[in-house]
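Written out below as C-alpha cells is the structure these notes cover.
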Amino acid sequence: MAETMIEVQDLTKTYGANRALDGVSFAVPRGQVVGLLGPNGAGKTTAMRIITGFLAPTAGEARVAGRDVVEDPLECRQRLGYLPEGNPLYPELRLDEALLFTASLHGLRGTDRRAAVDRSIDVAGLGDLRRRLLGTMSKGQKQRVGLAQALMHDPDVLILDEPTSGLDPNQQEGMRDVIRALGTEHTVVLSTHILPEVEAVCDRALIISEGKLVADGPVDEINRREAGGARARLTVRGAETAVRAALGALPFVQDILLLEAADEAGVLDIRIRVGEDAVRPQMEAIAAAIHGAGLGLSALDVSMASLEQVFADLTLGAPAGDATEES
C-alpha cells in the first residue's frame with residue numbers, strides 16, 4: 001500500500017459565524033494527482049492554506065507525510081511545494097536571480113543550489129528564459145516560474161492553487177503536460193475551476209460544497225455513482241404538473257428538474273436523469289408519454305454523464321462564500 005502523504009481528518013475552519021470547512025476528511029497516497037473542486041466560497045483554498053501551514057484549523061487535524069501541520073509546521077513545509085493563486089513574484093528580478101534566491105531560502109548552497117535551480121528550470125520548461133525579467137513575462141510563463149519555485153527543494157507533495165487560471169488554451173495544455181509528468185514522482189493536489197482539466201490530468205477528484213466534502217473518487221466512478229445515468233433535456237409545451245406526472249410515471253426516470261420557463265406561456269425546459277442502458281428505447285418512451293398526455297414536445301436531446309453535470313448537481317444552489325476569506 002502506498003504511503004499516505006496528506007491526511008485530513010474532521011477538518012473545520014470558522015470565521016465568526018461562517019463555517020468555511022465543516023468536518024472534511026480525506027487522505028492522499030504518494031504518487032496520486034488529485035483535483036480539488038468546488039464553487040467560489042466552497043472551502044477549497046481554506047483547505048489548501050491549512051495543509052500548507054498558512055492557516056490554523058479551528059478543529060480537526062491535517063498531516064503531511066505523517067507530521068501534524070500545527071505541531072510540526074517546519075517539517076511539513078520542507079515536504080511541501082506550494083503554488084498559490086496569484087503567484088506573487090519580484091518583477092525586477094531575472095528568472096535565474098529569482099530562483100537562486102528561492103533556493104537560498106530553502107538552505108541550498110554552492111553546487112547544490114545551482115543544481116536545484118537547473119533542475120527546476122528544466123522541469124518547468126523555462127530553459128530559454130533564464131535572463132528574462134519576471135516583470136516582462138506572460139501570465140503562462142509566470143505560472144511556470146511559480147511552479148519552478150515550488151519544485152526547488154524537490155518536495156514530496158505539490159499543492160497547486162488554480163495553476164492554469166488566466167492562461168490561454170495553449171498555455172493551459174502546456175501546464176497540464178507538466179502536471180502529468182510531475183504526478184509520476186510527486187503527490188499533487190490542484191485546485192481548479194476548469195473541469196476538463198481534472199478529467200485530463202487527475203487520478204481522483206474531491207468535490208467540496210458549502211464546506212463539506214460531497215464527492216471523492218476517480219472521475220469515472222464519480223460520474224457513474226453521482227450522475228446515475230444519461231441526461232435528457234426536453235422542451236415541452238404544457239403545464240409543469242402535467243409534465244411531471246407524465247414523466248414521473250416512467251420507471252427509469254430518476255429525477256426531473258425544471259430549468260426554465262420560456263416567455264411563451266406553457267413552454268417548459270425540463271432536464272431529467274435516466275438509466276444509461278437502452279437509452280434509445282427510453283427516449284422513445286419519453287416522447288410517447290409526453291404525446292400521450294396531450295403535451296407538445298418540440299425538442300428532446302440526450303447526453304451521457306459528465307463531470308460538469310455532476311459538479312452542477314452537487315453544488316447548484318450553494319451560496320457563494322465571502323471572497324475575502326475564500327476564493
Side-chain angles (χ1 to χ4, degrees), residues 1-15 19-36 38 42-88 99 101-110 112-113 115-117 119-120 123 146-163 179 182-191 203-204 206 208 211-213 216 325-327:
M1 181 178 293
E3 178 186 4
T4 298
M5 298 307 299
I6 299 175
E7 185 176 6
V8 169
Q9 185 66 40
D10 295 324
L11 201 61
T12 298
K13 180 65 177 179
T14 59
Y15 299 96
R19 191 174 287 263
L21 287 176
D22 189 1
V24 170
S25 298
F26 60 85
V28 184
R30 181 182 292 276
Q32 190 171 77
V33 181
V34 176
L36 187 60
K44 306 183 303 300
T45 297
T46 294
M48 287 184 155
R49 288 174 179 169
I50 291 174
I51 293 170
T52 54
F54 282 77
L55 285 177
T58 303
E61 295 181 344
R63 295 180 177 274
V64 175
R67 303 295 184 95
D68 189 283
V69 299
V70 175
E71 296 178 357
D72 201 354
L74 291 181
E75 177 65 24
C76 290
R77 290 178 186 179
Q78 289 173 359
R79 308 293 292 272
L80 283 168
Y82 182 36
L83 174 59
E85 185 178 11
N87 184 27
L99 295 185
F101 174 65
T102 300
S104 298
L105 294 178
H106 285 291
L108 298 171
R109 299 291 184 268
D112 289 340
R113 182 174 70 156
V117 169
R119 182 185 65 249
S120 297
V123 173
L147 184 60
Q149 291 178 320
L151 289 166
M152 186 62 62
H153 55 304
D154 194 24
D156 295 306
V157 178
L158 284 169
I159 307 292
L160 311 178
D161 196 356
E162 300 287 350
I179 294 171
L182 290 171
T184 63
E185 298 181 5
H186 303 265
T187 297
V188 181
V189 177
L190 67 97
S191 169
D203 305 307
R204 173 180 167 200
L206 304 170
I208 295 179
K212 296 180 180 292
L213 185 66
D216 177 5
E325 296 172 349
E326 167 64 28
S327 59

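Positions are given from 1, in the same order as the sequence printed here.
Side chains of Pro163 and Ile179 form a contact here, defined as non-hydrogen atoms less than 4.5 Å apart. Looking at heavy atoms from C-beta onward, Val64 lies in side-chain contact with Ile51 at the 4.5 angstrom threshold. In this structure the side chain of Leu21 reaches within 4.5 angstrom of the side chain of Ile50, judged on heavy atoms. The side-chain heavy atoms of Met48 and Ile159, taken from C-beta on, include a pair separated by under 4.5 Å.
Atom-to-atom distance recorded for Cys76:SG and Asp156:CG is 11.5 Å, nearest 0.5 angstrom. Note that CG of Asp22 is 3.5 Å distant from NZ of Lys212, once rounded to the nearest 0.5 Å. Separation of atoms CD (Gln149) and CG (Asn87) is listed at 6.5 Å; rounding is to 0.5 Å.
In this structure Glu61 satisfies the side chain to side chain contact (heavy atoms under 4.5 Å, CB included) test together with Arg63, Asp68, sequence neighbours excluded. Taking the ring pair (Phe, Tyr, Trp, His ring centres under 6.0 Å) definition, one finds that Phe26 meets it with nothing, sequence neighbours left out.
Pro57 and Val70 get closest at one heavy-atom pair: CD-CG2, 3.6 Å.
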Which atom pairs, one a donor and one an acceptor, fall under 3.5 Å between side chains of residues 182-190 and the rest of the protein, sequence neighbours left out?
from: Thr184; atom 1: OG1; to: Ala181; atom 2: O; distance (Å): 2.6
from: His186; atom 1: ND1; to: Pro155; atom 2: O; distance (Å): 2.6
from: Thr187; atom 1: OG1; to: Pro29; atom 2: O; distance (Å): 3.2
from: Thr187; atom 1: OG1; to: Gly31; atom 2: N; distance (Å): 3.1

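Donor-acceptor pairing under 3.5 Å is recorded for the side chains of Ser104 and Arg113.
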